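One structure is given here, and the rest of the page talks about it.
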There are 2 protein chains.
Amino acid sequence: MDRARLDIIRDFNRTVTLRSGALDESYLGRGRPLGQARLLFEIGDGGRDLKDLRQRLRLDSGYLSRLLASLRRQGLVTVAAEPTDRRQRRAVLTDAGRAEWAAYDDLSDEVARSMLAPLSPNDGARLVAAMGEVRRLLAASSVAIAVEPPASPEARACVAAYVCELGRRFEEGFDPGNGNPTPDDDALTPPAGCFLVARLDGRAVGCGALRRLSPGIGEIKRMWVAPEARGLGLSRRLLAALEDQARDLGFERVRLDTNRALTEAQALYRSAGYRAIERFNDNPYADFWFEKELG
Amino acid sequence: MDRARLDIIRDFNRTVTLRSGALDESYLGRGRPLGQARLLFEIGDGGRDLKDLRQRLRLDSGYLSRLLASLRRQGLVTVAAEPTDRRQRRAVLTDAGRAEWAAYDDLSDEVARSMLAPLSPNDGARLVAAMGEVRRLLAASSVAIAVEPPASPEARACVAAYVCELGRRFEEGFDPGNGNPTPDDDALTPPAGCFLVARLDGRAVGCGALRRLSPGIGEIKRMWVAPEARGLGLSRRLLAALEDQARDLGFERVRLDTNRALTEAQALYRSAGYRAIERFNDNPYADFWFEKELG
DNA sequence: TCCATTCTCTGACTTAAGTCAGAGAATATC
DNA sequence: GATATTCTCTGACTTAAGTCAGAGAATGGA
């Protein structure tokens, strides 16, 4: 049973990498090594910071430098310092570079089209649907959730995005300083509490915090998932991970509050075994309060 | 609309090659270059002919030779001449080689497992289902159908498999020499007729023949799809390709006969627009006769 | 202001991967 | 029995890809 499933996945990995390797080969058709082609394509229409490129393509800085030099020699790219921070540099495509980019873009389309072409319309639609599903679920399965210091830049960015989103969604707006004191970093650091960050390929795409409310009771705060990572079942995993942390930190139950505008959050809490309780704080933005006994 | 579908496919290609690259990386973890690791894995438990290995992994013969030499130096592989044809050689794993093979096998399982692990049981099942579907449809889409000489070894092998299968499936057995004279190669070669072979990654997985029955009327024969390639919609594509060929060769209609045991073939012909007609030949194995007007 | 840090570049490497021509043995074909 | 063909191997290459140490400019913080 499990064997059969593993075999399907292994088969998939085998054949699909082979087929998708067709893209690499079509890229090579333009007479440029893959590394250069990928770099050119990644720089894209708007240009990109070298740091960004290095992270995305996982390149050694020396190697990137050399690849760029060769694209520059071909007249496809210019590199200039950022005005804001002149240590950083930014690669931008020239007109010739943009033309090459378009050619690679066309090749990508062609490969995609050639996968659909031999299939009946019905099978083609099934293929696209199945590919979308695989992509979505593989993305979901490669999200890693880990405890991180709440003061890290990524954690701060998540919280900022969270605050910004609440401001947009609450009817009454949201001012994080109003009434509900923001927990300081120590309160969100073990052993007092913790801060979880969910990462997809290194990029932070979600967070959640746990702090001590009173003896034996933890409070869950700052649960947030980036828009591009929604629909992956991530909030449910974050919630479960926070509950695991709460258990490890010795809490017997956890509480949380939420605003009436966040209907999907309420549904999540209910389906995860939370029950509505009386108001336990004076958060002016809270409309519902929940609690769960940890098993 | 089409744009959206292409983007899903491109997205899929991107992320999936990335994720399945995890397998390569895990292979590298055993301190051996990928080429060697893949070769070792491909030799497998029972050993493999070098020619076979070269085709599967698309290796230059010199390169293969060197890779094998290095595996031999590591004591993982022995290479010996085939007794039947002493130009050919066969690579076989030693005990140490088999142990390494098992280690790579475990790594493949582990990668597959790690894709399932973070998902809920429900999502895991959906992932496996979607992967199976993608694999199946990509295989279907990479089958190529082409006119080939009916005397080629691959064509002969297809016909032999076809004859063998009819022998198994007909209640009365099947003797290709009985009553129904087998068309000679010229009759299945343009401009008289043609022979189509369907190939999946170079391997012949199906065939179909067309010959002249009388002026303006062609006859379809020898339609066969290998068991491992069934369920890909291949027979429908073969039939359509034969009809295209018939049009090109100037036929106005095509006929065919079939045995009562081949129920799925009858269903195919009906759904492809064929109508039952009176007996038009004296094939002792035929129970039904069909005809289609070519548009 | 000084010092540590960040960011990019250069030089000097290593290694894997792959190509090509041709030699030599075994076999198939006429 | 001569000749062509098939199959593998060796030698001599090229190229891409990637690593590592360190230099040099710009910036941020004590």
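Note on naming: letters A, B, ... go to the chains in the order of the sequence lines (proteins, then strands), and numbering restarts at 1 for each one. Predicted, not measured: the structure shown is a model, and the values here were computed from it.
Each of A:Leu67 and A:Thr84 was matched to the nucleotide of DNA chain D holding its nearest heavy atom; the match closer to the 5' end belongs to A:Leu67. Nearer to the 5' terminus of DNA chain D, by closest-nucleotide assignment, is the contact made by A:Arg32 (compared with the other of A:Asp60 and A:Arg32). Nearer the 5' end of DNA chain C, as judged by each residue's closest nucleotide, is the contact made by A:Asp85, out of A:Asp85 and A:Ala69.
No salt bridge links A:Arg87 with A:Glu82; every basic N to acidic carboxylate O contact stays at or beyond 4.0 Å. Residues A:Arg32 and A:Glu100 are paired through a salt bridge, judged by an N-O separation under 4.0 Å between the basic side chain and the carboxylate.
OP1 or OP2 of C:dC9 lies within a sub-4.0 Å distance of a side-chain N or O belonging to A:Arg89. A sub-4.0 Å separation between OP1 or OP2 of C:dC7 and a side-chain N or O of A:Arg54 is absent. Close to C:dA26, at under 4.0 Å from its OP1 or OP2, lies no side-chain N or O of B:Arg87.
At whole-Å resolution of the value, CG in A:Asp49 and C1' in C:dT6 are 14 Å apart. To the nearest angstrom, C1' of D:dC9 lies 10 Å from CG of B:Leu50. Rounded to whole Å, atom P of C:dC20 lies 15 Å from atom CG of B:Leu59. Between the P atom of D:dT5 and the CD atom of B:Gln88 lies a distance of 18 Å, rounded to the nearest Å. Rounded to an integer number of Å, the gap from CZ of B:Arg72 to C1' of D:dT8 is 11 Å. If you take CG of A:Leu64 and P of C:dG11, they are 17 Å apart, rounded to a whole angstrom. Rounded to whole Å, the distance from OH on B:Tyr63 to P on C:dA17 is 4 Å. In this structure, the CG atom of A:Leu68 is 14 Å from the P atom of D:dA17, given to the nearest Å.
If you check distances only, the side chain of B:Arg66 never reaches the base of C:dG18 with a donor-acceptor pair under 3.5 Å.
Atoms CG and CZ, on A:Leu39 and A:Arg54 in that order, are 12.5 Å from each other to the nearest 0.5 Å. Between the CG atom of A:Leu210 and the CZ atom of A:Arg222 there is a distance of 12.5 Å, given to the nearest 0.5 Å.
Distances from the side chain of B:Pro33 to the nucleotides D:dT10, D:dT19, C:dA17 place C:dA17 closest. Nearest to the side-chain atoms of B:Arg86 among the listed nucleotides C:dT27, D:dC7, D:dT10 stands C:dT27.
Contact annotation for B:Gly62: base contact, defined as any heavy-atom pair under 4.0 Å involving a base atom.
Between B:Tyr104 and B:Phe41, the ring-plane angle classifies as perpendicular under the 30° and 60° cut-offs.
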